[in-house]
Amino acid sequence: MEYKFNEIEKKWQDYWKEKKTYQVSNDSDKPKYYVLDMFPYPSGSGLHVGHPLGYIASDIFARFKRLKGFNVLHPMGFDSFGLPAEQYALETGQHPAETTKNNIATFKNQLDKIGFCYDWDREVRTSEPAYYKWTQWIFLQLFNSYFDKKENKAKPIAELIKIFEAEGNNKLQTTNHKPFSANEWKAFDEPKQLSILMDYRLAYCGYGEVNWCEALGTVLANDEVVNGVSERGGHPVVKKKLRQWYLRITEYADRLLEDLSRVEFSDAMKEMQSNWIGKSSGAEIDFEIKTMDDRRQGTNEQQSSVVEGRRSLRVYTTRPDTIFGVDFMVVAPELDLINEIKTPGQTKEVEDYIAYVKSRSERERMAEKKISGCFTGAYAVNPFDGREIPIWISEYVLAGYGTGAIMAVPCGDERDHKFAKHFNIPITNIIGSFYNGEEANPTKEATLENSSFLNSLLMKDAIDVAINKIEEEGIGVRKVNYKMRDAAFSRQRYWGEPFPIVWKDGTAYPLDEKELPLELPHVETYKPGPDGEGPLANIPEWVAKELETNTMPGYAGSSWYFLRYMDPHNDKAFCDRKVSDYWNQVDLYIGGTEHAVGHLLYSRMWTKVLFDLNLIGHDEPYKKLVNQGMITGVSEKLIRASSSDFDEPNELDIPNKSTSASTSFWVNWIENKLPFSIQIDDGEDFYVINHSVELKGYSLFGESLINVPIEFVNESVLDINEYSKEKSNINQPKKTPEVFVCKEGFYNSKTGKWFDFDKIEITPLQFKTIPVVEKMSKSKRNVVNPDDIINKYGADTFRMYEMFLGPVEMSKPWDTKGIEGVYRFLKKLWRLFYDEMKGKMWNEEKATDAELKVLHKTIKKIEEDTERFSFNTAVSTFMICVNELADLKCHKKEILEPLLILLAPYAPHIAEELYNNLHSSHVSPTGGDLEGASVLDAAFPAFNPALLVESSKEYPISINGKVRANLSLSLDLDQKQVEEIILQNEIVMKWLEGNPPKKIIYVKNKMINVVI
RNA sequence: GCCCAGGUGGCGAAAUUGGUAGACGCAGCAGACUCAAAAUCUGCCGUUCGCAAGGAUGUGAAGGUUCGAUUCCUUUCCUGGGCACCA
């Protein structure tokens, strides 16, 4: 009777499905527990081995909690709106709804084979109208709410209107509008009133910059922009202002930050979120601006200050204490102010620089090590000492943060310092010896010098003094700032939730709730509409109804899906209040760190809004968050062997055949097999062509056909991006290669140049591959499909192996080689119950103390490891347990039955099968009558500590910290007794060489160290 | 560039609170069983010196704290993730 995993797993999966074993009720006497996975985007390439890592972990935990007597909610669904489906539609014409449906079917099929305990009756799909009806509904709540700054919570906008009608906006803490009285408010016409209200709504309309590609006529995601040009086609991309929807998440910044103390996220995760929110305090300071004209008129202060409508430059700084060290100002290139202040002499330079910056993504701007900038010709005046400070523009200052302008203090700020050095701006030292002239020193501990009224103050103390003075003099205000910006909430795309909004004469009106869901119409083409609008703008009826043509972004549906699982079929509400009160928070949320800020912050915000509006009873969605690492794939990268490699033996005599299995191996180029990947450097441009190619390779395991993505790179120039950067100059964005390979040679479609094969240096026919660890993706051809593994080894082996690979939180490369060990373990476990030759092995004999000790040691460790998500060590523990029971030749039901319960969360199929057999009268392991109790609802075995009590311990004896001997000692000895025994020890005496020890350290139940 | 994480044998890893570094598994080597293979079982397995006993050395690198450091501190290198329109 052998372990036939395929029969067993099929049988139980069918049985569970038929009996609806995993159906969860919203009504139970048991305590509730909610285990949630981040639901997947159903991509076209199907599930790969990276997906299930977190799912298996959560499944184990959900099953574990069930055994512990909880009513466990463990649902699954699909985040099915998104860009890739639309991209695919553009290429193939297939409707995203169609491809999405097919992809979901594939995903579900694959997920089911792994044996997860999902309640599929609760499945949600964000792209289904029945679901997005409520996404739209929540959007309307956001639209119809404002944030009351005094009470620090969201309230219906109707209440704000009442306030305006009663007292105007005078008492509101806001700088949005000029004050108006109640009467003035009533006198405003409707569009005026609505436009004021728009500035308070939690979902509001504004203008924002997007990546605009003129050639494609579309807005591009950051992902689609590579080196400043579009990924598709290599067309130039510039910034463009478009009307966009936003969520006023900044109003929740403080609560999102403070409430981190109430959730169990890792410190790293909390840190990332709080850094993202980026709360800082400091001051906004106004610097008067002097243009060249002013300067020519002389520096008479009196005269300047009477000029009417005088411009000033407002900066935000966290270090107002350094105000006497300001040597220049830097303004973000986007600021309109620049046009007003630039001097005629600088106009050309400024315009060129702004054009250059427009071509660069925000990411590039921040990552650039190179210093760039441009002088405006204008000067600001230091409000305290009247010093004239040149105003520069530079891309390192971002328009979206603070006021978009900074005061630069080179002696105290690294970036300011580099900028000053680069442009030869003189540096003022206000921190004496703390500044060495070479590097900025960002300390707050220095004593200020050359700083007028701040002189001799410690910088950290001077901050407050400076702010007070600034406020007194009326030149600025104390200010708290957040790095976080309001969340852009609209996309110029098709495959997303339509906004329930109509536009009438430029004013947005919400649709009535009764009109929801506003269904996504079918389109003829997925191409963008006119002027950067989304594809919905191509539909005459849609435009005629004046409906919003933008759609919601990917994170809309995922910001509240955890609530829908609780009450997925409700058509009266997004979730019944009683039901959400029962399930409350997600107790355990498992997902990748890549969502550390985006999704987690948005869903936390939505939860808080729903809480504020009294629609749910809790204001944090997730009680505990566990981050799973990524499973990376290993791809072989082909590189040309260097000249020294040619001395190596050829494939007939493979080097190091016996020693290395995974490192480089040699491949023999198969001539004339095209296409392949090659670099061409014609002296002007530099190209890389990537193609996948089938190579006949000689691996160390013998001859095999391998698929490798190859990148033919000269070893001396490994990084193509670096190379291109050097070559491209500021005003000329890099061209992407468009080179075709055909039999005659290579053809460059852009330059029209031909390269014959014989003119290109590809003489060597030897290449070697090097293994590279990368994210798994279809294009890299390093995707491992779980189905293949399951067919070969079974779902239980797959589940345990994924856990055995290492800690869940850590990312690791997938390697199937080790799976044999887990498979052997399950077969060995099986042999404790059934032997191929001897048949049934298990018996009802009474267990011995040694056997009970093995069992209870295991119970303790499995329980602890599962609780702390250390699934890899739990799998080791199972292995150790089975090894020990096999050594003891233990086949006793008394031991094996509890072991199966422990194992059930990890390997549910085999556990269910064997458990069922222990309780069934049938002998056949696969023919059981299914009448026996199910292991899924067994009670988790209780650990009995009495069985593990020890009276002595094998102590390591160290001499100066190095272990030299072992000695078994009773646990109730005291220091003095131990010292006596130790000094008699032969080995210790040898090391002491007759001298007395300096000290003997005895840590009970740990170790003994003799210091000599 | 900024933020976060990680770096331990040939490989995946373990060491839970500063206390025997390498549990468990893969690969490898030697052996048993077998006509043979598969499966299974037994032993060895960081590096290095040594016949052995036993030394030396060893957790990315360099310093430090400590009787004792993979663990704490400082500096530094490398890899992965995120940086706001991928989800």
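As the structure is a computational prediction, the values presented were derived from the model and not from experiment. Just so it is clear: chains get the letters A, B, ... in the order the sequence lines come, proteins before strands, and each one is counted from 1.
- Ring geometry, A:Y132 versus A:F81: the interplanar angle falls from 30° to 60°, so the pair is classed tilted.
- Contact annotation: A:N883 side-chain N/O to B:G25 OP1/OP2 distance is under 4.0 Å.
- At the heavy-atom level, A:K861 lies under 4.0 Å from base atoms of the strands shown.
- More than 12 heavy atoms of other residues, nucleotides or ligands sit less than 6.0 Å from atom NZ of A:K953.
- In the set B:A14, B:G81, B:U20, the nucleotide with an atom closest to the side chain of A:P956 is B:U20.
- The base of B:C85 is paired with the side chain of A:Q492 by a donor and an acceptor separated by under 3.5 Å.
- One donor-acceptor pair, N or O on each side, does fall under 3.5 Å between the base of B:C67 and the side chain of A:N1009.
- Taking for each of A:R493 and A:R831 the nucleotide of RNA chain B with the nearest heavy atom, the 5'-most of the two is the partner of A:R831.
- If you check every strand for non-hydrogen atoms under 4.0 Å, A:I1001 touches a base.
- Residue A:M269 is classed as having no contact, given no heavy-atom separation below 4.0 Å to the nucleic acid.
- Note on A:W245: nothing from the nucleic acid sits closer than 4.0 angstrom, heavy atoms only.
- Phosphate contact (OP1/OP2 of B:G6, side-chain N/O of A:K812, threshold under 4.0 Å): absent.
- In summary, of the residues considered (A:I880, A:V854, A:T858), a side chain to side chain contact (heavy atoms under 4.5 Å, CB included) with A:L885 occurs for A:V854 alone.
- Phosphate proximity of B:A14 to A:N872: present, with a side-chain N or O under 4.0 Å from OP1 or OP2.
- Judged by Watson-Crick or G-U wobble contacts below 3.5 Å, the nucleotide B:U79 has B:A5 as its partner.
- For A:W276, counting side-chain heavy atoms from C-beta on, the closest listed nucleotide (B:C83, B:C3, B:G19) is B:C83.
- Aromatic ring pairs are classed by plane angle as parallel below 30°, tilted from 30° to 60° and perpendicular above 60°; the pair A:F489 and A:F499 is perpendicular.
- For A:R824 and B:A38, the shortest distance from a side-chain N or O to OP1 or OP2 is not below 4.0 Å.
- The partner of B:G31 is B:C41, by the rule that a Watson-Crick or G-U pair needs both atom distances under 3.5 Å.
- Base contact: A:K483 has a heavy atom under 4.0 Å from a base atom.
- Looking at A:S876, its side chain has no donor and acceptor atom pair within 3.5 Å of the base of B:A14.
- Residue A:G598 is classed as having no contact, given no heavy-atom separation below 4.0 Å to the nucleic acid.
- Note on A:W495: every side-chain N or O is 4.0 Å or more away from OP1 and OP2 of B:C85.
- Residue A:H599 is out of contact with every strand shown, counting any heavy-atom pair closer than 4.0 Å.
- Distances from the side chain of A:D865 to the nucleotides B:A84, B:A56, B:U16 place B:U16 closest.
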Where do A:R868 and A:E864 land on the salt bridge (charged side-chain N to carboxylate O under 4.0 Å, His left out) test, with the steps shown first?
CA-CA 6 Å; A:R868 68 186 176 104; A:E864 286 171 359; 6.0 Å; no
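- A:K998 comes within contact range of no nucleotide atom at all, as no heavy-atom separation falls under 4.0 Å.
- Contact check, A:R491 against B:C85: a side-chain N or O comes under 4.0 Å of OP1 or OP2.
- For A:D79, the listed nucleotide lying nearest its side chain is B:A87; candidates were B:A13, B:G19, B:A87.
- In terms of polar N and O atoms assigned as donor or acceptor, the side chain of A:K962 never comes within less than 3.5 Å of the base of B:U57 in a complementary pairing.
- Of all nucleotides listed (B:C41, B:U40, B:A87), B:A87 comes nearest to the side chain of A:E594.
- Comparing B:C85, B:C86, B:C41 by their nearest atom to the side chain of A:K828 picks out B:C41.
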